[in-house]
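Beneath this line is the structure, given in structure tokens, with notes to follow.
Labels below follow one simple rule: chain letters A, B, ... track the order of the sequence lines, proteins then strands, and each chain is numbered from 1. Values reported hereafter were calculated over all heavy atoms of this structure, with side chains retained and with hydrogens, waters and symmetry mates removed.
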There are 2 protein chains.
Amino acid sequence: MRHEVAPLRHGTMRERNLAVVLGEIARRQPVSRARLAEATGFTKTTVSSLVASLAGAGLVREDGPVRDGERGRPATAVSVNGDRVAGLGLEINVDYLAACVLDLGRRIRHRHIVAADNRDRAPERVIAALTGLAARAIAAAGEQGLSVAGAVVALPGTLDQGGGRLRSAPNLGWDDVPAGELLDAGLPALPLAADYDNEANLAALGELWFGDGPALGSYVHVSGEIGIGAGIVVDGRVFRGAHGFAGELGHVVVEPGGSPCACGGRGCLEQVAGQEAILRGAGIAAVTATSSASPDGPLSALVARLERGDERALTAVRRAGEALGQALATAVNLLDPDTIVLGGIFSGLAPWARPATEAALADGAGLVRRSPPRLTVSRLGGDAAALGAASLVVERVLDDPSRLVTRC
Amino acid sequence: MRHEVAPLRHGTMRERNLAVVLGEIARRQPVSRARLAEATGFTKTTVSSLVASLAGAGLVREDGPVRDGERGRPATAVSVNGDRVAGLGLEINVDYLAACVLDLGRRIRHRHIVAADNRDRAPERVIAALTGLAARAIAAAGEQGLSVAGAVVALPGTLDQGGGRLRSAPNLGWDDVPAGELLDAGLPALPLAADYDNEANLAALGELWFGDGPALGSYVHVSGEIGIGAGIVVDGRVFRGAHGFAGELGHVVVEPGGSPCACGGRGCLEQVAGQEAILRGAGIAAVTATSSASPDGPLSALVARLERGDERALTAVRRAGEALGQALATAVNLLDPDTIVLGGIFSGLAPWARPATEAALADGAGLVRRSPPRLTVSRLGGDAAALGAASLVVERVLDDPSRLVTRC
DNA sequence: TTTAATTAGTCCAGGTCGCGTACGAATTAA
DNA sequence: TTAATTCGTACGCGACCTGGACTAATTAAA
């Protein structure tokens, strides 16, 4: 099975070269055409032509003359134009909906989170609520002179590759919902087709652009919520496996023969370190659909107990951290990342869980590599996936601006 | 961190298009230029020009007229020329050296395995022996009119990305050996630079071209020897992780708190299902460097006991199979492959180990995906990695023939 | 047997796009 | 004011794909 290689004609060449120059501008802005020519290897002529196309599409802007070196004619700096094109990120999660708009400079231009218990609500109604949010976001963007190029939607469950069909979302109580179709029907037409992805994958991308950034290298981002997922990012791209189900960290077995899990296995990580398991272990009543109207009610109760030194809570959280470290050690042996990022509930519990996680990680992923990977804690809030989704739109535009450049 | 996108000039376009046409020829051979034009979307003119370049380099051959449809002028079929260019695969392993030559049609033109206990032998001497094998292989290819385009070397240990520095090869007793440099010095100059990779990765590729082929989809290939490694192949390409250490299946923990492992952990898969552990469990004396002059001496002893129904041996092998299944379930949850391929010692032990492996796999990797991946057993012999290495050279030529095409 | 239809491959003009050199523009140093 | 330096553009060139016309080789029908 060979990786499909597409025929290259002049048009494709131009498209790719637009992306090359735009990428270089994004990386070095503000930057002169002369520097771009040096950096890319193109001639100044070619750079000028490409920049002109990009400027025509509003993707790039001239910033006026800038003295670069000591002598000679001053350069006209070119930068990514953050005031014309934007990306829309949407998220459906268990207890909220979120939308955010990012301009091409990845500045947040609009951000709206609506608390709402979506468990066992009809998918159609939830999706209608989301498209409403989307319409308001697009309008808000418009008021700032931004036109939205495309949207990506984060969904909390396993998706069929491509179509955006939500195969199962246990925490939502949804099963085999054609979320992609429903959303395609409800969203306005945009230059780029809408895309759908797992919440864990997009939260991981959010970390790349709004967390520690490129310093992360290749990393595994744990998004612990009621379930535990992991987004695997290699070289700036999400690793999805053959069918898009890669990164199911929650069902790595950490206690062979342990308590049964809904997945059919026994001793899965989720049974030890999932939100419900931790709360149960800490002696806090399990959350029911009705009792959790306030988003992190039970979690803040847990944190309160931890802060006051409650032994039972500490033990439960430490055990969860240890189990997480064991599962992560396995992931490190198989995936060899530079960094592990703890997100979701684990970022809030990190002060108490992290030592155990780090110890277990060092234990299990020691000598094969030189050293275990760095362990960092996410500083992102609940809508990390929406941010990641919007970032993905921005990345798509930067990676292939040709869709927005008028052919001449 | 954006994926580096290289500027595209006319030359690059031509290079890529040569690869497109050559790939299509390889996929459909024998095939007419007219069909190629349809399949690729190029005009007939362009196809003719590209085919002429490829033919000039000896990569492709005209096969004479062939009646394709019912009416009309008969086509001249074009095929990959298997008689001019070849790839060389080399392998250093614990108890043998191997070389093989593959023509562009992936037919084996030369194959030589030399049994030799390389444990604790000086790296320089082993590498000198291998370059001797290589010289003979290149000569044998020459006698058949084949010129060797490049070589890939399989090494049994963890490698630094790129340079071919062997960081550690515990089963060889080698530590931080500049294998790449030594081999570069000893091998004759070839059009393509020599490359180095882990034995497990290359054995996995061997499976792709000499085992079940594309039907495997994305897969994890287990190469159990004294250590246990896994080659992860997604979309026809090896997944290496950030530093090239991905796929260390042997150090996945299957018995938390179990027996200590050289890696610093406890209860690693290798401690339960590695060759030494199985032999110990079956009551067969552990292998020492001197006692294993005959390659699979102790293993065939084990198989003999299994065939005669020895309880102790059966128990050890079943336990190993079960542990392997547990580790693989974890790998499935994280990597989401289509298929698992059992290679190395596990292919010989499959009749006894497989049921336990399959059960454990189904247990741990059940409901998150629709079903656990297919489990198959490799039919390849010991030099799977050498075959994979030579295949990789062939794949490189097919993926980028421009190096061999004389610029005009 | 001739004629029309059909399919394969080549030839030649044309268009796109990057390359290279030359040149004008804008600025600093002498 | 003049020379040096650097930036960006203009214009001709060459690489390479496109498209239509043309030749070649064969089958089906008249």
Take the protein atom [atom1] of [X] and the nucleotide atom [atom2] of [N], then report the distance between them rounded to whole Å.
X	N	atom1	atom2	answer
M13(B)	dC19(C)	CE	C1'	14 Å
L36(A)	dC19(C)	CG	P	14 Å
K44(B)	dC11(C)	NZ	P	13 Å
L8(B)	dC17(C)	CG	P	13 Å
F42(B)	dT18(D)	CZ	C1'	12 Å
L50(B)	dA15(D)	CG	C1'	13 Å
R71(A)	dT5(D)	CZ	P	6 Å

Nearest-nucleotide pick for A34(B), side chain only, options being dT6(D), dT7(C), dG9(C):
dG9(C)
Select one nucleotide: of dC7(D), dT9(D), dC19(C), the one nearest the side-chain heavy atoms of S48(A).
dT9(D)
Under-4.0 Å side-chain N/O to phosphate OP1/OP2 contact, [X] with [N]:
X	N	answer
R9(A)	dT16(C)	no
R35(A)	dC7(D)	yes
T76(A)	dG8(D)	yes
T46(A)	dC19(C)	yes
N17(B)	dC16(D)	no
R14(A)	dG18(C)	yes

Tell me if the side-chain of [X] makes a donor-acceptor pair with the base of [N], cut-off 3.5 Å, by modelled atom types.
X	N	value
T45(B)	dC17(D)	no
H10(B)	dC17(C)	yes
R73(B)	dA8(C)	yes

Is a donor on one side and an acceptor on the other found under 3.5 Å between the side chain of D338(A) and the backbone of S218(A)?
yes
For residues D160(B) and H243(B), is any side-chain donor paired with an opposing acceptor at under 3.5 Å?
no
Would you check if there is a donor-acceptor pair between the side chains of S49(A) and T46(A) at a distance under 3.5 Å?
no
Would you call R396(A) and D195(A) a salt bridge, taking side-chain N to carboxylate O under 4.0 Å as the test?
yes
Pick base, sugar-phosphate or nothing for S49(A), based on heavy-atom distances below 4.0 Å to the nucleic acid.
nothing
The reported gap from CG in L387(B) to CZ in R106(B) (rounded to nearest 0.5 angstrom) is 11.0 Å
